[in-house]
There are 2 protein chains.
Amino acid sequence: MSSEAVVPVVSARREEILAIAAGLFAEQGFATTTVREIADAAGILSGSLYHHFDSKESMVDDLLRGFLDDIVARYRAVASGDDPVGVLRALVRTGFEAVDAHRSAVAVMLNEYNLLIQYPRFAFLRNAAEETERIWVEVLERGMETGVFRADVEARMVYRFMRDAIWVSVRWYRPDRRYRPDEIADFYLATLLEGIAQSS
Amino acid sequence: MSSEAVVPVVSARREEILAIAAGLFAEQGFATTTVREIADAAGILSGSLYHHFDSKESMVDDLLRGFLDDIVARYRAVASGDDPVGVLRALVRTGFEAVDAHRSAVAVMLNEYNLLIQYPRFAFLRNAAEETERIWVEVLERGMETGVFRADVEARMVYRFMRDAIWVSVRWYRPDRRYRPDEIADFYLATLLEGIAQSS
DNA sequence: GACGCGACCAAGCGCGCGCTAGGTTGGCTT
DNA sequence: AAGCCAACCTAGCGCGCGCTTGGTCGCGTC
């Protein structure tokens, strides 16, 4: 009998360094962040990073792969509901929760998508983006067909505005501040569903 | 008598190179774009760029200064109206027009703001951003006071969602496609003002 | 007490970066 | 014909980048 269960699946130190790198990538951008900065922040020398990672590129690869696996799974789970309004609410909440819980990954995704998508190894980014769009648009279109959503705007365009508004909120949202993610989600949903014009 | 009027205020060649650089900055990012790439695209050698510009940094400085001067002036002009709904419509249209007419500048502003704002020479970015926010928020708050806008969401938060949705559309909007900027503005305004939920 | 190994250090290689200094060219002016 | 100057070239400097190679250290296992 070996005591395998005690051994972490992946090195804890590796995860720690990945989180540090993610923070720097999110703050300053992937290209602008140097391996020496990452190493400094982790308290080691730059060469020692390569004990944990193949390359700087593989750090951002790891980060985004983990994040996208998680959030796409959440979207899938949430989208199985019947009521389009309820599903849309849940999708939006999930999105803002991700902004709160995975700040760095969301910021990197937002800022570096166009850069990274050029390289074959990051094809999984496009796959995740496309599946996400499919899930959201399907709900919007179902709601339009059943009459709970207005049908005079394109579902894809509505999706884009929603996605962008949620993702970009990572630039001004601060987790320690006034509003919790689900409150912001509700603010956003209120204006999205009912509009800001007074009907009275 | 000299024939000064014929001489361009700034070199036409300089403007041409600036537009080329802007396109590359927008596509690949400022840090990732090299002076050699800019020079190649302009059909000259990298050293020759420095006949026209002090530095790579001064290119992006020039680009953003020109853009922000223009758009802030437009916002100011448009905000002088009385009717909050009308002013908001005009602001949103102006925003989408800028996305259409100044693609590169908007993209650079969106992508590099956080990076550039760190350096003193780019303090004018913050000034422009703050004045813009003041103009938009003032209109929203005026509309809330007079009762044409709902008052149960924060004006600043509404502003941020609007600003981001407009700016980020530069990532998917293509000028040659189906929709003109004012059509997209109207789509966006329809969902923003009235919401996407059917009242029936 | 020898061994294995995960974590890190020491030293530095080669490349591409932004930028520079001085020279050349050709059209325009006088 | 001479001079000027914007535009561009030639050649390359120094720096910081991502990454590599071989070695050190200390903890846990048998």
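Since the model is a prediction, treat every value here as computed from it, not as a measurement. Chain A is the first sequence line, chain B the second, and so forth, proteins listed ahead of strands; every chain is numbered from 1.
When rounded to the nearest whole Å, the span between CD of B:E16 and C1' of D:dA7 equals 12 Å. The distance between atom CD1 of B:I20 and atom P of D:dC8, rounded to the nearest whole Å, is 10 Å. Counting to the nearest Å, the P atom of C:dG6 and the CG atom of A:L49 are 18 Å from each other. Distance B:L24 CG to C:dG18 C1': 16 Å, rounded to the nearest Å. One interatomic measurement links the two molecules: CZ of B:R13 to C1' of C:dG27, which rounds to 16 Å at whole-angstrom precision.
Taking the charged nitrogens against the carboxylate oxygens, A:R65 and A:D61 do have a contact shorter than 4.0 Å, which makes a salt bridge. For B:D176 and B:R174, the salt-bridge test fails: no basic side-chain N is under 4.0 Å from an acidic carboxylate O.
Nearest heavy-atom pair across B:P175 and B:D100 is CB-OD1, 3.6 Å. When every heavy atom of B:P181 is checked against every heavy atom of B:Y173, the shortest pair comes out as CD-OH, 3.3 Å. Across A:Y113 and A:A129, no two heavy atoms sit closer than the pair OH-CB, 3.8 Å.
Listed candidates were D:dG18, C:dA10, D:dG12. Nearest to the side chain of B:R36 is D:dG12. Closest approach to the B:I44 side chain among D:dC8, D:dG18, C:dA7 is made by D:dC8 (side chain taken as heavy atoms from C-beta onward).
Residue-to-nucleotide proximity on DNA chain C shows that, of B:A31 and A:L45, the 5′-proximal contact is made by A:L45.
Side-chain contact check for A:E154 and B:Y179: at least one donor-acceptor pair (N or O, by modelled atom type) lies under 3.5 Å.
The side chain of A:S46 contributes no N or O atom lying less than 4.0 Å from OP1 or OP2 of D:dC19. The side chain of B:R14 places no N or O atom within less than 4.0 Å of a non-bridging phosphate oxygen (OP1 or OP2) of D:dA6. For B:Y50 and C:dC19, the shortest distance from a side-chain N or O to OP1 or OP2 is below 4.0 Å. One finds no side-chain N or O of B:S48 lying less than 4.0 angstrom from the OP1 or OP2 phosphate oxygen of D:dA7. B:T34 has no side-chain polar atom (N or O) that falls below the 4.0 Å cut-off from OP1 or OP2 of C:dG16.
A:T33 comes within contact range of the sugar-phosphate backbone alone, with a heavy-atom separation under 4.0 Å but no base atom that close.
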Query raised in the report: Just the dot-bracket of DNA chain C, please: which string comes out with Watson-Crick or G-U pairs under 3.5 Å, [ ] for crossing, | for another strand?
Result: ||||||||||||||||||||||||||||||

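The cluster map of Ile, Leu, Val, Met, Phe, Trp and Tyr, joined by side-chain heavy atoms under 4.5 Å apart, puts B:L18 and B:L45 in different clusters.
Sorted by first then second residue, the ring pair (Phe, Tyr, Trp, His ring centres under 6.0 Å) pairs that include residues 17-51 of chain B, not counting sequence neighbours, are B:F25-B:F30.
Contacts of residues 51-60 of chain A with DNA chain C (heavy atom under 4.0 Å): A:H51, A:H52.
Atom CZ of A:R13 has more than 12 neighbouring heavy atoms from other residues, nucleotides or ligands inside a 6.0 Å radius.
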